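Have a look at the structure below before the remarks.
Keep in mind that the numbers below use all heavy atoms, side chains included, and drop hydrogens, waters and symmetry copies. On a predicted model such as this, the values are computed, not experimentally measured, just so you know. Numbered from 1 within each chain, the chains take letters A, B, ... in sequence-line order.
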Amino acid sequence: MEVTLNGKKTELPEAISNLTQLLTHYKLEDKVVIVEVNGEIIDKSKHEDRSIEAGDQIELVHFVGGG
Amino acid sequence: MIEKGAFTLNNRYSRQELFTPIGKEGQEKLAKKHVLIIGAGALGTGNVENLVRAGVGKITIVDRDYVEFSNLQRQQLYVESDATERIPKAIAAEKCLKEINSEVEVVGKVMDVTKEELEQMTPGVDLIIDSTDNFDTRLLINDIAQKHNIPWIYGACVSSYGLSYTIIPGKTPCLNCLLETVPLGGATCDTVGIISPAVQMVVAYQTTEALKLLVDDEKALRGKLVCFDLWKNEHTSIKVDGVKKSDCKSCGSEPTYPYLSYENQTKSSVLCGRNTVQIRPPKRLERDLDQLVETLSTQGGEVEQNPYLVSYTIGEQRMVFFRDGRVLVHGTNDIAEAKTLYHRILG
């Protein structure tokens with residue numbers, strides 16, 4: 001399915017159907033990540049329940065420590 | 001030394017004054033402001049150089065480390081001799097900055113930032129810029145900024161990725177709201193590296209927000225969490241206002257400033273990307289470096305000294321002793337091993 005991820009059209013593997021799977025796919029499951037879907041921030045506790053639809057605009061911002 | 005009056009003729013800030021949102025009025029405001037920059041690494045050197053050139057009245061820059069060759073690829077104020085002589089970053093930065101703009105009062109401080117130092121340094125500060133490499137210090141900055149009502153600008157980067165957010169007490173969510181939990185481990189400059197454009201991009205965001213705040217143009221602030229990956233050609237910013245928590249312990253209605261409490265402060269820490277452990281004595285002290293050199297000379301190994309620190313190499317191990325009591329143990333990420341070495345030398 002195609003979504004817009006951080007501003008880029010991205011084809012996601014079939015197996016990804018919710019936000020938890022998406023974060024795992026991008027190896028972000030252990031990071032502190034802010035997830036926004038279609039303009040709405042999705043709380044971490046709801047990632048597993050939040051399904052991803054084709055055409056969703058998803059923004060992932062993960063915090064890093066370097067500097 | 002050029003006389004003050006000559007600067008007007010030099011027209012040093014003419015191009016910045018021509019920029020309408022700053023103008024002459026903004027330039028005068030800049031000259032009256034005091035900015036505190038925590039960290040003089042990649043982000044710190046970028047931010048401080050911009051602000052010194054821009055003519056901010058006073059800038060204090062603090063760092064606990066010294067210059068190494070692996071810094072030179074991206075830490076823009078340092079030169080090879082700084083690395084060869086292991087000059088503390090705050091000292092090397094201050095020297096370079098004073099040559100860039102003698103009109104600005106630049107204060108470089110070689111110190112590890114804890115609650116004590118922050119409490120001492122923050123009175124009179126208009127803005128804090130985060131240029132650290134760890135979340136411990138950022139959460140400390142976050143609490144002190146909330147407590148004293150000082151805006152601060154978070155910035156971080158690794159690899160070709162970076163992000164920034166401007167935190168205004170009483171208005172925006174704070175870092176504690178955004179993080180919920182302190183990130184542990186993860187990618188560091190050591191494991192995945194970093195390219196300098198990623199640093200400069202974060203610096204551009206931080207310095208620009210700083211200028212807006214310093215000339216009191218708050219309505220021009222970005223208001224969003226911004227992130228990018230220069231190599232992957234990604235760029236995004238999201239509105240995080242809704243993340244502000246009314247019961248946040250740092251910025252909520254009944255704050256306790258948890259990261260200012262003793263229990264939450266790190267006494268030993270692994271330095272990002274350095275394979276190095278820092279050990280800090282429980283109390284600040286003034287280490288007698290000459291006496292230390294005498295002691296170490298009798299133990300075998302190689303001892304080197306400059307006015308700020310003593311470096312001691314024995315076999316595979318290298319330790320660096322700072323005047324303020326801190327010790328860096330190189331060649332390990334293991335705090336216990338580092339402490340063993342520390343106690344072996346210092347008892």
Side-chain angles (χ1 to χ4, degrees), chain A, chain B residues 38-39 41-44 46-47 130-138 154-159 161-163 165 175 178-194 198-199 202-203 206 224-229 232-243 272-273:
Chain A
M1 129 178 73
E2 191 183 85
V3 297
T4 304
L5 188 61
N6 287 3
K8 260 170 59 178
K9 296 250 185 266
T10 307
E11 187 65 33
L12 297 179
E14 298 258 326
I16 298 177
S17 64
N18 66 40
L19 290 178
T20 303
Q21 291 164 348
L22 180 75
L23 293 178
T24 307
H25 178 69
Y26 285 101
K27 298 190 171 65
L28 292 170
E29 70 272 25
D30 298 328
K31 304 253 176 75
V32 174
V33 188
I34 293 189
V35 183
E36 187 194 73
V37 181
N38 302 330
E40 183 196 355
I41 291 175
I42 311 298
D43 198 76
K44 192 179 166 70
S45 61
K46 293 176 184 145
H47 286 179
E48 195 147 14
D49 300 333
R50 178 66 187 232
S51 57
I52 300 172
E53 313 283 337
D56 274 350
Q57 304 240 0
I58 304 171
E59 310 286 352
L60 301 178
V61 179
H62 70 278
F63 283 85
V64 296
Chain B
I38 312 289
L43 292 175
N47 277 306
D130 158 37
S131 297
T132 67
D133 60 4
N134 65 85
F135 283 104
D136 285 345
T137 312
R138 286 189 176 101
Y154 161 74
C157 48
V158 67
S159 162
Y161 177 85
L163 73 167
Y165 186 64
L175 188 65
L178 291 172
L179 294 181
E180 286 185 348
T181 54
V182 183
L184 291 172
T188 69
C189 309
D190 190 32
T191 53
V192 298
I194 183 152
V199 173
V202 174
V203 166
Q206 288 185 297
K224 288 181 173 181
L225 174 64
V226 67
C227 86
F228 61 83
D229 190 314
K232 293 180 185 161
N233 309 304
E234 290 174 1
H235 188 274
T236 191
S237 61
I238 62 177
K239 211 168 155 59
V240 290
D241 299 17
V243 179
C272 171

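Distance check: B:E234 CD to A:L5 CG gives 6.5 Å after rounding to the nearest 0.5 Å. Taken from CG in B:L179 to CD1 in A:I34, the straight-line distance is 8.0 Å, to the nearest 0.5 Å. For the atom pair CD (A:E40) and NZ (B:K239), the distance works out to 14.5 Å, reported to the nearest 0.5 Å.
For chain A, the nearby part of B:Y154 is the side chain; its heavy atoms alone come within less than 4.5 Å. Using a 4.5 Å cut-off between heavy atoms, B:I238 contacts chain A through both its backbone and its side chain.
When every heavy atom of B:A156 is checked against every heavy atom of A:G65, the shortest pair comes out as CB-C, 4.3 Å. Pairing each heavy atom of B:C227 with each of A:L60, the nearest pair is SG-O, 4.1 Å.
In this structure, the side chain of B:Y161 engages the main chain of A:H62 through a donor-acceptor pair within 3.5 Å.
Counting heavy-atom pairs closer than 4.5 Å to chain A, the top-ranked of the candidates B:D130, B:L178, B:V199 is B:L178. With chain A as the partner, the residue from B:V243, B:V240, B:T137 showing the most heavy-atom pairs under 4.5 Å is B:V240.
For B:F135 and A:F63, the ring centers sit 6.0 Å or farther from each other.
Other residues, nucleotides and ligands contribute more than 12 heavy atoms inside 6.0 Å of the CD atom of A:E29.
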With a cut-off of 3.5 Å and sequence neighbours excluded, list every side-chain donor-acceptor pair involving residues 9-16 of chain A.
{"unit_1": "A:T10", "atom_1": "OG1", "unit_2": "A:K8", "atom_2": "O", "d": "2.9"}
{"unit_1": "A:E11", "atom_1": "OE2", "unit_2": "A:M1", "atom_2": "N", "d": "3.0"}

